[in-house]
Amino acid sequence: MNKMGRVWLVGAGPGDAGLLTLRGREVLEDAECVVYDRLVGEGVLALIPEGAERVDVGKSGGAHPIPQREIEAILLDRARAGKRVVRLKGGDPFLFGRGGEEIEALLTAGVPFEVVPGVTSAIAVPAYAGIPVTHRGVSSALRIITAHSERGGLPDLDFEALARTKGETLVFLMGVKNAGALCEALLNAGMDPATPAAAIERGTTARQRSAFAPLTALPERMREEGMAPPAILIIGGVAALGERFDFRKALPLNGLRIAVTRPRGREGRLCRMLRDAGAEVLSFPCIATEPLPGPLPPLGGFDWVGFTSVTGVEALLTLLAQEKRDIRELGEAKIAAIGPATAEALRLHGLRVDFIPEAYDGTHLAGGLAERKGRILLLRAEQGSPELAEALHERGADFREVPLYRTRYVKASLPQDLDMAIFTSASTVRGFAACAAEGWRGWETVPAVCIGWQTARAARECGFVHVAAAKQATLTALVEAASTFNRSRREAGR
Ligand code: SAH
């Protein structure tokens, strides 16, 4: 018999992948099967490991969602097969998430489980729109209420009691369809028509929209805006704080959904910088790298050793360790790095860098190395860009290339409503294009913001129509290029 698996009931947060908890991410990255709902953010889904089974139980747009009992059957089935199963739910699994029902089923079947709470939309969505759910002197209590009964209409609530509340915030979930009836019921029960109110659609994502209005006018405002689920309604004095406390609207990348295509493990800093600039970031690694099988040739006897990527530095150390060899083989050779990130990786491993070119690309690295004379060892990717070797060749340099690692494309399930894709190498561009070409018509029109001219050239060659390049091959310049690109588009659109 199989060993029994385990189920983690994980709250995915309200949309923005940055709001998934650390524990949630940890178990997700180790999952063998992920069963998820419609409201789980795409940035969170992008963290599902490449080989894990994905079960979408929240199909919308014509297809019916899978019935609750069937979802439970799927969980039991995979757990009995010995799998590590993550049941991902939007927000927090216990707030209108039927988490309890699934636990009953797991308990009955004797399947071990764990609950990982999530950041609930009821609090985080108002926060991203600048609304604190309590505020000294304005509101000292919070009620979270569903505006949707099992039969579809308004639930049977004590509207008199709700209308009488003073200094309390009411947050309604699942309230788009019944917004008119809800506000009317509160007004009929005597609530002040001027009570501040707000509706926020797709909160915490790049597609977030808000409508602010007094209670009487809210349904009308929502209709004008064409608001659709998922949205939450906030009623109470705190709703008036929204416009002043909104910390996102001034950010340069606010409202943009950006795909980062770097390999897993390399994306962290770039994602953070883009989030700092206000973007919704989806990390879709389009390539993965793996060290080549050894053995490495002897590394001694060179005057210069050139590195062209952080991955190259790490692959060298991995291969040396595997072969029980030692970095001291490089001897007295001087060290060149293509740019500051590679130089930093070398420094962290105790290797001082003697040369970084003025512009961080292969051509400039080759120029600098050729000027410095001597025998050159290039440690790089198997399919590294040809410019470096060509430039060295042209200058008659004495060099040897040793491939250390290989890049392969990763099949990512790219979301098709991207505002921008960010590329830090030609191979990520090609990986993205290969992946997008399978069943996504019009992917070429996604703006491609590239770290340097070589990457930008690869993007044009692959068919991207809108291509921008950073002024310098650094992450800071890359994020700046994304902001500039966005600004000029907005201005052009006006
Ligand atoms: N367990 C979830 C709520 C599930 S009920 C949580 O804790 O957030 C589904 C309702 O949540 C939606 O109808 C909507 O009212 C609200 N909701 C979830 N995500 C939202 C989002 N990103 N923006 C606005 N409302 C959201």
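Numbering of ligands and ligand atoms starts at 1, following listing order.
- Heavy-atom minimum distance, Leu142 versus Glu168: N-CG, 4.3 Å.
- Expressed to the nearest 0.5 Å, how far CG of Leu173 lies from CG of Leu95 amounts to 6.0 Å.
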Checklist entry - What's the verdict on side chain to side chain contact (heavy atoms under 4.5 Å, CB included) for Leu19 and Thr204, showing C-alpha distance, side-chain angles and the deciding distance? => result CA-CA 9 Å; Leu19 297 180; Thr204 81; 4.0 Å; yes
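- Residue, atom and distance of the protein heavy atom nearest to atom 9 (C) of ligand 1 are Leu39 CD1, 3.5 Å.
- Between Gly203 and ligand 1, at least one N/O pair is under 3.5 Å apart.
- Taking a 4.0 Å cut-off on heavy atoms, Pro229 fails to register as neighbouring ligand 1.
- The CD1 atom of Ile234 lies 11.0 Å from the CG atom of Leu241; values are rounded to the nearest 0.5 Å.
- Nearest to atom 2 (C) of ligand 1 among the protein's heavy atoms is Gly90 O, 3.2 Å.
- Nearest protein heavy-atom contact of atom 4 (C) of ligand 1 is Phe96 O, 3.5 Å.
- Under 4.0 Å from ligand 1, heavy atoms of Leu95 appear from its side chain as well as its backbone.
- Within the listing of ligand 1, atoms 1 (N), 6 (C), 7 (O) sit less than 4.0 angstrom from a heavy atom of Asp92.
- Residue Val111 forms a side-chain contact (heavy atoms from CB on, under 4.5 Å) with just one option from Met4, Arg78, Arg6, and that option is Met4.
- Ala231 O, 3.4 Å is the protein heavy atom nearest to atom 14 (C) of ligand 1.
- At a 4.0 Å heavy-atom cut-off, ligand 1 touches Ser121 through backbone and side chain alike.
- Residues Leu162 and Leu157 meet the side-chain proximity criterion, which asks for heavy atoms closer than 4.5 Å.
- When heavy-atom distances to ligand 1 are checked against a 4.0 Å cut-off, Thr205 has no atom that comes that close, whether in backbone or side chain.
- In terms of protein heavy atoms, atom 22 (N) of ligand 1 is closest to Pro14 O, 2.8 Å.
- The one candidate from Leu215, Leu187, Thr216, Leu186 that meets the side-chain contact (heavy atoms from CB on, under 4.5 Å) condition with Thr195 is Leu215.
- Contacts between Lys89 and ligand 1, counted as non-hydrogen atom pairs separated by less than 4.0 Å, are absent for every part of the residue.
- Within ligand 1, the atoms closer than 4.0 Å to a non-hydrogen atom of Ile200 are 24 (C), numbered from 1 in the order shown.
- With rounding to the nearest 0.5 Å, the separation of OG1 in Thr205 from CD in Glu280 is 5.0 Å.
- In this structure, CD in Glu480 is found 8.5 Å from CE in Met273, a value given to the nearest 0.5 Å.
- The distance from ligand 1 to the heavy atoms of Arg202 drops below 4.0 Å at these ligand atoms: 22 (N), 23 (N), 24 (C).
- By the 3.5 Å distance cut-off applied to N or O atoms, Thr204 is not counted among the residues near ligand 1.
- Regarding atom 25 (N) of ligand 1, its nearest protein heavy-atom neighbour is Ile232 CG2, 3.1 Å.
- Here the side chains of Val238 and Val133 are not in contact, with every heavy-atom distance at 4.5 Å or above.
- Here Asp37 pairs with Arg87 in a salt bridge; the nearest charged N to carboxylate O distance falls below 4.0 Å.
- For atom 10 (C) of ligand 1, the nearest protein heavy atom (residue, atom name, distance) is Met174 CG, 3.7 Å.
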